[in-house]
Each structure stands twice: as C-alpha cells, then as structure tokens.
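Beneath this line is the structure, given in structure tokens, with notes to follow.
Quick note: numbers below take in every heavy atom, side chains included, and nothing from hydrogens, waters or symmetry partners. Protein chains get the first letters and strands the later ones, always in sequence-line order, with residue 1 at the start of each.
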Amino acid sequence: MTEDSEKMIVRIDCELEEIVPAYLENRRKDVVALSEMLEEEAFDAMRVLGHRMKGSGSGYGLDAISDIGNRLEQAAKDQSSADAAVCVAALDAYLGRITILYV
Amino acid sequence: MTTTDHILIVDDDPEICTLVSRFFEKNGFRVSAVTDGKGLWAILHQTTVDLIVLDLMLPDEDGLVLCRTLRASSNVPVIILSARGEDVDRIIGLEMGADDYLPKPFHPRELLARVRSVLRRTRGVPLPDKPGKGEEDVSYHFAGWVLDVPTRQLYSPQGEKIFLSGSEFAMLRIFLNFPNQVLSREQLLDYSYGKEGETYDRTIDMQVSRLRRRLKEDPKTPELIKTVRSLGYVLSARVEKNGGRA
C-alpha cells in the first residue's frame with residue numbers, strides 16, 4: 001500500500017456533523033468540474049472555485065481543502081494549467097483518503 | 001445577550017452561509033443568510049438585526065462600501081469576514097466602521113466568540129468600578145456635545161445627530177465615565193474588549209482616530225480626546241451625567 005492510498009483520519013467538531021457530508025460531496029463534484037475547466041483552460045472559473053475552497057475549508061474543519069484552494073486560486077491567477085492540475089489531483093487524492101471522526 | 005439575538009450573514013458563498021447559519025443556530029442564535037447586498041437591505045427593511053457578519057467580495061456591491069453605507073444610517077454592529085486578509089484590508093474595514101474583522105479561512109468557534117464579544121461591548125456592558133444598575137438611562141453632556149445612552153445617539157453642539165458604530169459608542173462611554181483621567185491603551189482594551197478580545201494597541205489608536213473624526217476634532221490638535229505621549233489618551237472636558245437610577 002502506498003502512502004497516498006492510506007486512510008487519513010480528520011477530527012471535526014460534532015456540531016458540524018450534519019453539514020460536512022454535503023460539503024465533501026460538493027468537493028467531489030468540484031473535482032469533476034475542475035477537470036473540465038482544466039481542459040477548457042477556464043482559469044477564471046477555477047479561480048472562483050479555489051477562492052471559495054480557501055475560504056470555507058478550514059471552517060468545516062478541513063484545513064487541507066483551504067490549503068488546496070489557496071494554491072488553486074494562485075495557479076488560476078498565474079494561468080498555470082500544470083499547477084492547477086496538481087491541485088485538482090491533490091484534492092481528488094485527499095477526498096479519497098479521508099475518514100471523518102466527529103468529536 | 002439573549003438567546004434570540006438575530007445574526008445576518010452576508011456572503012456570496014452558500015457553503016459559508018450554511019456553515020455559519022448551522023453553527024450559530026446550534027448555539028442559540030437566530031440567523032438569516034443572504035448572498036448579496038440587495039439581500040442585506042431587504043432583510044434590514046423587514047426585520048431587526050442584532051449583528052451583521054459581512055463578506056467583502058459580493059457580486060453586486062463592494063462590502064466596504066456597504067459597510068460605510070450601513071454605518072451612515074445605522075449602528076448595528078458589523079464583523080467583516082473576508083478572504084482579503086491583508087493588514088491594509090483590516091485597517092480599511094475598521095476605518096469604514098466595522099467593529100471587528102476576521103480573515104478567512106476561519107474557525108466558526110472563533111467567529112462565535114467574536115460575535116459574543118462585539119455584542120457584549122456594543123451593548124455597553126457596565127464598566128468595572130462603575131454602578132451597573134441605572135446606567136442605561138443616562139445622558140452625558142460635555143463641551144456642548146450630548147451622548148444619549150438609551151437611543152445611543154450623539155448630538156453635536158449644533159444639534160446635529162452623529163452616527164456612531166457600536167465600538168465608537170462603547171469607547172466614548174469609557175472616556176465619559178473617566179473624564180480628565182489618562183487611560184492607557186491597555187485599560188481601553190480591557191474596558192472595551194474584556195479578556196476575550198484579540199485586539200491590538202493599533203486597533204485602539206484607529207478607534208480613537210475614528211472617534212475624533214466623529215467629534216469633528218482637528219487630528220493634529222485634538223481638543224477633546226488628547227494623546228498623552230507614552231501613556232495613552234485623556235478626555236479633556238467637564239462631563240455632566242443626567243438621569244439614571246440611584
């Protein structure tokens with residue numbers, strides 16, 4: 001088993017238990033949307049998604065999503081498809097690895 | 001603070017609105033959420049709001065302009081919540097009349113603590129060593145100015161009504177309760193923010209600067225709120241307090 005395939009436990013405030021699953025589902029949809037944006041080089045749309053992920057991720061207890069969002073926003077501003085692709089891959093991998101533990 | 005305080009969140013990201021709404025509702029608040037400036041005005045025309053959490057990057061209006069417009073007609077407390085987290089953004093936000101500024105990304109518990117802190121201080125929580133009962137009925141008269149506490153209105157010597165933000169009102173009350181006494185920045189911080197406030201000396205300086213402007217002071221030679229070098233600030237005026245219960 002490679003490190004990337006290992007599960008990662010993320011502890012989140014139990015007061016957010018009702019809304020975190022929908023938030024994560026929306027990020028999975030973002031991965032699909034971002035892949036299309038990458039093909040179309042739709043940097044402005046990527047910047048908006050990155051900006052929103054940066055602003056909301058930590059609030060939901062998911063600091064990595066804020067971090068990826070921050071990097072994605074910058075990649076879109078730089079119009080760097082390569083950097084943006086790295087962010088989309090990182091988001092996809094993160095969503096595949098995490099297990100949420102409500103505390 | 002009551003458990004029915006009504007918070008209005010203005011943010012173009014629906015997931016931020018959901019997060020703040022759910023978290024604050026679980027902590028006893030009533031919450032309305034809108035995604036633009038138009039929605040903000042619609043809510044304010046419909047109902048009373050105790051505090052506004054305001055994003056700066058809105059689709060229809062700049063949040064800073066909204067904040068300034070709000071402050072010209074209302075003293076509802078405003079906390080700016082924005083991804084524009086540079087120092088200059090914070091300073092401009094506070095200069096525009098916001099009571100606090102929290103950069104994104106943020107933790108909802110920190111936002112909750114700041115909301116409670118702002119509500120507490122803008123409602124004129126009694127100062128240490130001052131009688132609490134009856135303090136809400138008083139008016140202060142100083143150098144021709146009048147601060148009417150029940151209506152939270154400041155009147156100039158010419159009778160002009162001057163709008164104050166929640167934090168400006170709270171700070172002016174502190175000065176009026178301690179006239180002709182030098183108050184250090186630390187004392188002003190303690191009195192206005194309590195122990196929970198993550199506020200800086202510089203914020204006090206900015207608030208004093210804003211308050212001087214409300215009092216139409218010449219910033220170079222202020223007559224009412226004077227700077228005492230290395231020590232802090234002093235309200236230099238005779239203050240008469242009318243009303244209040246014994």
Please lay out, stage by stage, how Arg52(A) and Asp12(B) fare under the test side-chain contact (heavy atoms from CB on, under 4.5 Å).
-> CA-CA 9 Å; Arg52(A) 289 190 169 184; Asp12(B) 69 330; 3.6 Å; yes
Spacing of OG1 belonging to Thr18(B) relative to OH belonging to Tyr23(A), to within rounding of 0.5 Å = 11.0 Å
Closest non-hydrogen atom pair, Lys54(A) against Pro105(B) = O-CB, 3.3 Å
So the side-chain hydrogen bond (donor to acceptor under 3.5 Å, both in side chains) pairs with at least one residue in residues 47-61 of chain B (sequence neighbours excluded) are Asp50(B)-Arg123(B)
Could you give the distance from NZ (Lys104(B)) to OG (Ser58(A)), rounded to the nearest 0.5 Å?
-> 12.0 Å
Pair Asn27(B)-Glu15(A), side-chain contact (heavy atoms from CB on, under 4.5 Å): steps then yes or no = CA-CA 9 Å; Asn27(B) 283 276; Glu15(A) 291 197 10; 3.1 Å; yes
Pair Arg22(B)-Glu18(A), salt bridge (Lys or Arg N to Asp or Glu O under 4.0 Å): steps then yes or no | CA-CA 9 Å; Arg22(B) 190 59 61 94; Glu18(A) 292 168 25; 2.6 Å; yes
At what distance, to the nearest 0.5 angstrom, does CG of Leu19(B) lie from CG of Leu16(A)?
-> 6.0 Å
Sort Ser56(A) into side chain, backbone, both or neither according to what part of it lies under 4.5 angstrom from a heavy atom of chain B.
-> both
Should the pair Lys26(B)-Glu17(A) be classified as a salt bridge under the 4.0 Å nitrogen-to-oxygen rule?
-> no
Residue among Val48(A), Asp13(A), Asn70(A) with most heavy-atom pairs under 4.5 Å to chain B | Asp13(A)
